[in-house]
Each structure stands twice: as C-alpha cells, then as structure tokens.
Engineer: 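Below is the structure I would like to discuss, written out as structure tokens.
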Protein chains: 2
Amino acid sequence: MANETHALNERAQLLLKTLVERYIADGQPVGSRALSKFSGLDLSPASIRNVMADLEDMGFITSPHTSAGRIPTPRGYRFFVDTLLTVKPLDRVEINQLEGQLQVENTQKLVASASHVLSEITRFAGVVVTPRRSAGFRHIEFLRLAEKRLLLILVTAEGDVQNRIIQTEKAYTPSELIEAANMLNQNFAGCTFEEIRRRIQSELKQLREDMSQLMAAALAAGDQAVSDSAEDVVISGEINLLGINDLSSNMSKLRDLFNLFEHRATLLQLLDVSSRAQGVQIFIGGEAGLTPLDECSVVTAPYEVDGKIVGTVGVIGPTRMAYERVIPIVDITAKLLSSALTQR
Amino acid sequence: MANETHALNERAQLLLKTLVERYIADGQPVGSRALSKFSGLDLSPASIRNVMADLEDMGFITSPHTSAGRIPTPRGYRFFVDTLLTVKPLDRVEINQLEGQLQVENTQKLVASASHVLSEITRFAGVVVTPRRSAGFRHIEFLRLAEKRLLLILVTAEGDVQNRIIQTEKAYTPSELIEAANMLNQNFAGCTFEEIRRRIQSELKQLREDMSQLMAAALAAGDQAVSDSAEDVVISGEINLLGINDLSSNMSKLRDLFNLFEHRATLLQLLDVSSRAQGVQIFIGGEAGLTPLDECSVVTAPYEVDGKIVGTVGVIGPTRMAYERVIPIVDITAKLLSSALTQR
DNA sequence: TGCCAGCACTCTCTGCGTCAGAGCGCCAAT
DNA sequence: ATTGGCGCTCTGACGCAGAGAGTGCTGGCA
C-alpha cells in the first residue's frame, strides 16, 4: 500500500502504458472500457477504474471532465517516455533515406537540410542549432568589380566563406589589391580577428595610408563573420504544426508558439540546455519553462565534430506525439550530422 | 437610367467609397444607418438603402445575410482601388526608416531584408522574387583545407559568391591549385559555364590529367551557381497572417494558404505576371486564379537594375487591407531595392 | 421626381432547457 | 481481489424563443 503511492505495480504500469499509447494514437480520452479491451489483461472495466483512480491520485493521468476518459498528464508522459517506452530502431532503409536527403555541399546547406529532413519525416517542426565556431582568419581576396567597387571574399578558419561588396574612395589597381591580400594572408593566417585588429593598430603608422581602407573593410567583414557565425537556430516545417489538431484548436496559443519561433534567442537557450547532456533528451509540455510550449514536446539530441558537441538537432511537436518514432529519428539525424561534419 | 447600370453616379461612388473604407476599418458589414452617418451626404438611411440596392445589383457589394449590412465584393474592391482610392505618399521619415532597414551587404541579404521590412511594416507577409541573373564566370579560387580537401570559391559575373568543399583523390600542391585557378581565370573569365564546358571538352586531351578533377569540380560548382541563381521567392512574416481574423477563422483555408507559400513555383508564376507591367499592381481575391488566395490580396511592384526589370516585391494580406497605406509602401520598397541594386 | 418615415419581414445570435451518450465512483456480491 | 450494477455527472447536439440589426417596400410629401 505505502508501496503503491511511490512506485507503480506492474499492472498499473501496463495500464498507464496502454492508456498513453491509445491516447497518442487517437487523441481521444481513454475510458475504462477501451483500456480493458486493449490492455491485454483480462480485467473488467470496473477493476480498471480502480487502478485509473489510483493513477489519477498519483498525478499520472487526469480527466478533462467528469464523464470523459482519462488523458496523460505531463508527469504521465514523463514516466511513459522514461520507463515504459520501447523505441524500435530505424530500418537500414530509413537511415539511408535520411542520409540521402542531407545536402553536404557546405555547412549551411547541411544544417538547413537536416532541419528540413526532420520536419519532413516527422511532419512536425525540425530545428537545428548551427555549430558554434571560433572565428579565425584563414584567407582573404579582393576582387575588382568596377573602378571603385570591390568584392571582398573572406574565408574563416573553419572554411566558411563571407563575401561583401565595398565601395572604396580610391580606385585601387589590381596589383595593389593583390598586395593587400597577400599582406593579410601571409601575416595573419590563423589569427583571430581580435589579434589582427590589435596588431594592425600598433603597426598602423608603418602601414601605407591607402591600404588602411582595405584593412578596415577586411576587419569589418571579419567582425560580421564572427557575429554571423554566432549560434543560431534554423527551423523548418513550422507549417506542419498548423495541421496538428491539438495545437490549432486554440488559435492564440498557436500564435504564441509561432512568436516563440521568431524569437531565436529564447529558443536557443532551451536548446542549449540539451547540448550539455549526451544522447536524446525530451522536454515535455512546459518542462522547459516556456509557456508557449505548454502543449508541445521537444525532442533533441546533440551533434558533434571530432568528439566535441557543437550543436543540437531536434523536433518540436505536440506532446501527443509518437515518441517511439521521433526519438530514433532525431537520434540518427544527430549522428548523421556529426559524421557529415566530421568528414569535412 | 440606362446610364446607371454601367457607370456609377457621383453619389453612388461616394457611398461605395465610404462603405469600403468603413468595412476595411472595422471589418463589420456596413448598414445604411452607418453609411448615412459617415458618408458626409445628408441623406436618410432609407434613401441610402435605395442606392445600396443598386450597388448590390451591379455586383459591387453583397450582404452576408438578409439582415446584415453590406460588404464589398471583389469587384467592389477592384473598383475601389482603381478609381476611388486616394493614396497618400509616404513621409520622408517613413521612407528613411524603410531605407535604413535594408541590409546592403550583398544581394541575398538585401532581398531577404526587403521581404522582412515589408512584412514588418505592413504586418502582412512580405514577398520578393530574387533577381534573375545570367550566370557568367568571373573568378575562381582553390583553397587547401587539408591534404585532400579543398575549398572552392567561385565568383559569378554578377558578383555572387558560391563556395563548396570538395574531396579530391589526389593531394594537390598549392602551386598546382594556383595554376589551375589561373588557367581558368585567364582563359574563361566572362564566359558562360556552358561555353567553358564546351571548350574544356574539346581541349581535354591537351589538359594534364591531374587537372581534370579540379575542372570538373569547378564546372559542377558553376552549374550549382546557375541553378541557385534561378529565380526564387523569399517570403517573410507569414506568421503575421495568423493574426488576421479574416483569414484565421477558417483553419483549412489558412492551411491551404501556407501550403501555397511552400509551393514556390506556383507563387513565382503569379508574381512573374506582375513583372510584365510597370508600377504597382494589385490582385484582389482569386483574381490571380489561385483559390487559396480567395480572401487575400496581393500588392506587387517590379524592381529593376539599370532600367531592366529583374524581379518583383510585394505584400500578401487579407483582401480587407488598408490599400492606401500598403500601395505606397510596396512602391517605395521596389524603388529602394532598385536603387540599392543598381549601385552595386 | 426625389426623398424619407414607418412598418413588416428576415436573418443571426444568444441563452435556455431537454435529451442521449459516455464514463465514473461506489457498493454489494462473489 | 474482482466484478456487475446502479446512480451521478458532464458534454454535445438539438430545438426554440426573444432580442437586435438591417433590409425592402409603401405611401406621403415637397
């Protein structure tokens, strides 16, 4: 007895499990009759009602109103995913399919396609935190577009390419441009932009005056690269959530949710948490502390480059989602992303 | 009499105008009493009812049901925007504000920010068709990332920068890379990729074998650049439309609308039409032939580079929108975009 | 001829009451 | 411990009446 208030006996667990499964499957509150049919146990609805009452007391399930069946509470979902859920790993076929849809041309495309694939395959919103990169300098190029217009191409240590068009006051000759680029490439390759800034500052007097605008532009582009490469969140398939009945019923909540999506910083904070732990993490309902996510769950997994965690992939969907399907998908996607990034 | 069935007399026009204005303002069907108060004419509701009946016969207005006021039909809106609407040009201040929010660093950012600004300022969805560019070759660079990994940087004639990481079979020396780049830069600058492909093919035998992989990669990147630079539609602020009562009432229509947004090709077709004409164009309701846009209007304006139309900007919002505000905004945005693009 | 007050009519919207259906809790019997 | 049975409660659908809004029409007036 005292036992039952803390731990669930096997029967209660089985019933909770089938209840959650049925609710996830058809979204209707589950009554004692249905449970008696589907649990596999040979119990009458009346007996089941007793157990259900206990489960309700313990806070695992609740009824929307007196004469409806029961639905899982967040706590019920939590227990379900933590100890009752049996995930079946993906088929080799599905993995290949997933892998085939990742576009490996460059990091941005890779991240974008990962997010897109997640949303396509789960039909929820896919989300990826872009890898954080320490912005070092590798290579620069000035390309003459017109008399006083240059295209500046900047490659960071991580192989990201930044480009911007700059208007110059003076018309540089091709050889001057090459000279400036060489000067930067030879002296500063491998440095951070902060270092470059310091060293240029101190050597400014020696610097030929007509070079200084080019240097300034280069540094500005560098700063841009740093800020661009700050962590960011890529979301796709938000539209899928419009189709989810659980969410689209109360319009104002839905609006809040989409507003959250626009508010990258908040989202980032949530997803960052998940990158502390290894493996798949699940946030159920408001567990993340964000009210717009009340009826949502977030399934995340960190991905890594060379053994170091650099970002997070995930799926945002209704709390009533098929976890046993979503979890392996997110897991594999993180692994695929890791390996695609490590190769480069 | 016969006159009235074709053209509207002044009184009818004024009443239609105030009716549309009032309906746009508060979204409620407008009754004869309200019209008599707000029209400025000194007429009793009863007289106004006669005119309204005529307007209804002519198809400019309709009533949702017997005892409601009248609302404009698409034809009513059409007449309104064509001949009754008085747009007030934007303040200098507003223009500056608009201009300040455009990010001119490079074409992609410019287009994205234009779309974003439109959505922010109108609180509807902003949409921009990216400029079509003939993809010519300008410059290429091979950068060694690791032994058998190169970063390929490709600059098109229009100054767009493509980059991709390639794995090579052979470990190239820096001087080989420079040689390959030089070879391409000197011989093919200004050519289309099609030309390059032909000429390389014909000279393939003379080409040192170890260079061919680099050439192939360069051409592949070029093709990518061509296809990437194909026209595309950038949408932002779709979420704003969630908040519009006219649209969010019937969920399924809203879904259709968002599906349309995902279906770039269809949207492109619609927006391309608008780039045939000069100046602001307005599509009301389903005039564009797309059912998901039934309750929407699209306000567009083409923008140009060096006097040649290269794309379209626009706003998608509910048919019940404040046209007199949206029209100048779209107009000015197109002009700002034109001038920003022409400068580069 | 144009305008308008008045009136009957129609339609929506709201609230109320009823009724069937679903499901529960409790209790007594096994 | 399990279970059949009974009464209770709540929802959702339905129908109905009354209020409110706005129209169309008619007949009178300048």
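Per chain, numbering begins at 1; letters A, B, ... match sequence-line order. Since the structure is predicted, the reported quantities are computational estimates derived from the model, not experimental observations.
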Engineer: So does S67(A) get a side-chain nitrogen or oxygen closer than 4.0 Å to the phosphate oxygens (OP1/OP2) of dC24(C)?
Structural biologist: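 The answer is no; no side-chain N or O of S67(A) sits under 4.0 Å from OP1 or OP2.
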Engineer: Rounded to whole angstrom units, what separation is found between the CG atom of L55(B) and the C1' atom of dG22(D)?
Structural biologist: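 Those two atoms, CG and C1', are 16 Å apart.
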Engineer: Side chain of T66(B), base of dC11(C): donor and acceptor closer than 3.5 Å?
Structural biologist: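 No.
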Engineer: Provide the closest heavy-atom pair for Y23(A) versus Q28(A) in the form atom of the first, atom of the second, distance.
Structural biologist: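 For Y23(A) and Q28(A), the tightest heavy-atom pair comes out as CD1-O, 3.1 Å.
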Engineer: Taking the side chain of A46(A) as heavy atoms from C-beta outward, which of dG5(D), dT2(D), dC4(C) is closest to it?
Structural biologist: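 Among dG5(D), dT2(D), dC4(C), the one nearest the side chain of A46(A) is dG5(D).
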Engineer: How close or far is atom C1' of dG22(D) from atom CD1 of I71(B), stated in whole angstroms?
Structural biologist: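 Value for this atom pair: 15 Å.
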Engineer: Could you give the CG-to-P distance, from N9(B) to dT1(C), as a whole number of Å?
Structural biologist: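 Nearest whole value for this atom pair: 16 Å.
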Engineer: Within this structure, what is the CD1-to-P distance between I48(A) and dG4(D), rounded to whole angstrom?
Structural biologist: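 These atoms are roughly 12 Å apart.
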Engineer: Does dT23(D) have OP1 or OP2 under 4.0 Å away from a side-chain N or O of R70(B)?
Structural biologist: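 Affirmative; the distance criterion is met.
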Engineer: Answer yes or no: does atom CZ of R33(A) have more than 12 heavy-atom neighbours from other residues, nucleotides or ligands under 6.0 Å?
Structural biologist: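 No, CZ of R33(A) has 12 or fewer neighbouring heavy atoms, counting only those of other groups under 6.0 Å.
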Engineer: Looking only at heavy atoms, what is the nearest atom pair of A334(B) and A301(B), with distance?
Structural biologist: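 Scanning both residues completely, I find the closest heavy atoms to be CB-CB, 3.8 Å.
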Engineer: Which heavy-atom pair separates V299(B) from M321(B) by the least distance, and what is that distance?
Structural biologist: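 Of all heavy-atom pairs spanning V299(B) and M321(B), the closest is CG2-SD, 4.0 Å.
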Engineer: Is the F258(B) to F261(B) ring centre distance short of 6.0 Å?
Structural biologist: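 F258(B) vs F261(B): aromatic centres under 6.0 Å.
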Engineer: Nearest to the E56(A) side chain among dT2(D), dG25(C), dC10(D), which nucleotide is it?
Structural biologist: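 Of the candidates, dG25(C) comes closest.
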Engineer: Go through residues 20-44 of chain A and report each residue with a non-hydrogen atom lying under 4.0 Å from DNA chain C, sorted by number.
Structural biologist: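 Heavy-atom cutoff 4.0 Å gives G31(A), S32(A).
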Engineer: Both atom distances under 3.5 Å, Watson-Crick or G-U wobble: I'd like the secondary structure of DNA chain D as a dot-bracket string, with | for pairs made across strands.
Structural biologist: ||||||||||||||||||||||||||||||
Engineer: Return whichever of H65(B) or N50(B) has its heavy-atom-nearest nucleotide of DNA chain D closer to the 5' end.
Structural biologist: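 Its nucleotide being nearer the 5' end, the pick is H65(B).
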Engineer: Do S236(B) and S115(B) pair up side chain to side chain, a donor and an acceptor below 3.5 Å, judged on atom types alone?
Structural biologist: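 There is such a pair between these side chains.
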Engineer: What's the CE-C1' distance between M52(B) and dC3(C), to the nearest Å?
Structural biologist: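 Rounded to whole Å, this separation is 17 Å.
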Engineer: Tell me if the CG atom of D42(A) is crowded by more than 12 foreign heavy atoms within 6.0 Å.
Structural biologist: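 Atom CG in D42(A) is not crowded, with 12 or fewer foreign heavy atoms closer than 6.0 Å.
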Engineer: Could you walk me through whether S119(B) and H116(B) pass the side chain to side chain donor-acceptor pair (under 3.5 Å) test, one step at a time?
Structural biologist: CA-CA 5 Å; S119(B) 78; H116(B) 185 249; 5.0 Å; no
Engineer: CG of L15(A) versus P of dA1(D): gap in Å, rounded?
Structural biologist: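 Taking atom P of dA1(D) as the reference, CG of L15(A) is at 17 Å.
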Engineer: Mark yes or no for a side-chain to base donor-acceptor pair under 3.5 Å between R49(B) and dG6(C), with no hydrogen or angle criteria applied.
Structural biologist: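 Checked by distance alone, the answer is yes.
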Engineer: Which pair of non-hydrogen atoms, one from V315(A) and one from V127(A), has the smallest distance, and what is that distance?
Structural biologist: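 The pair with the smallest heavy-atom distance is N-CG1, 4.0 Å.
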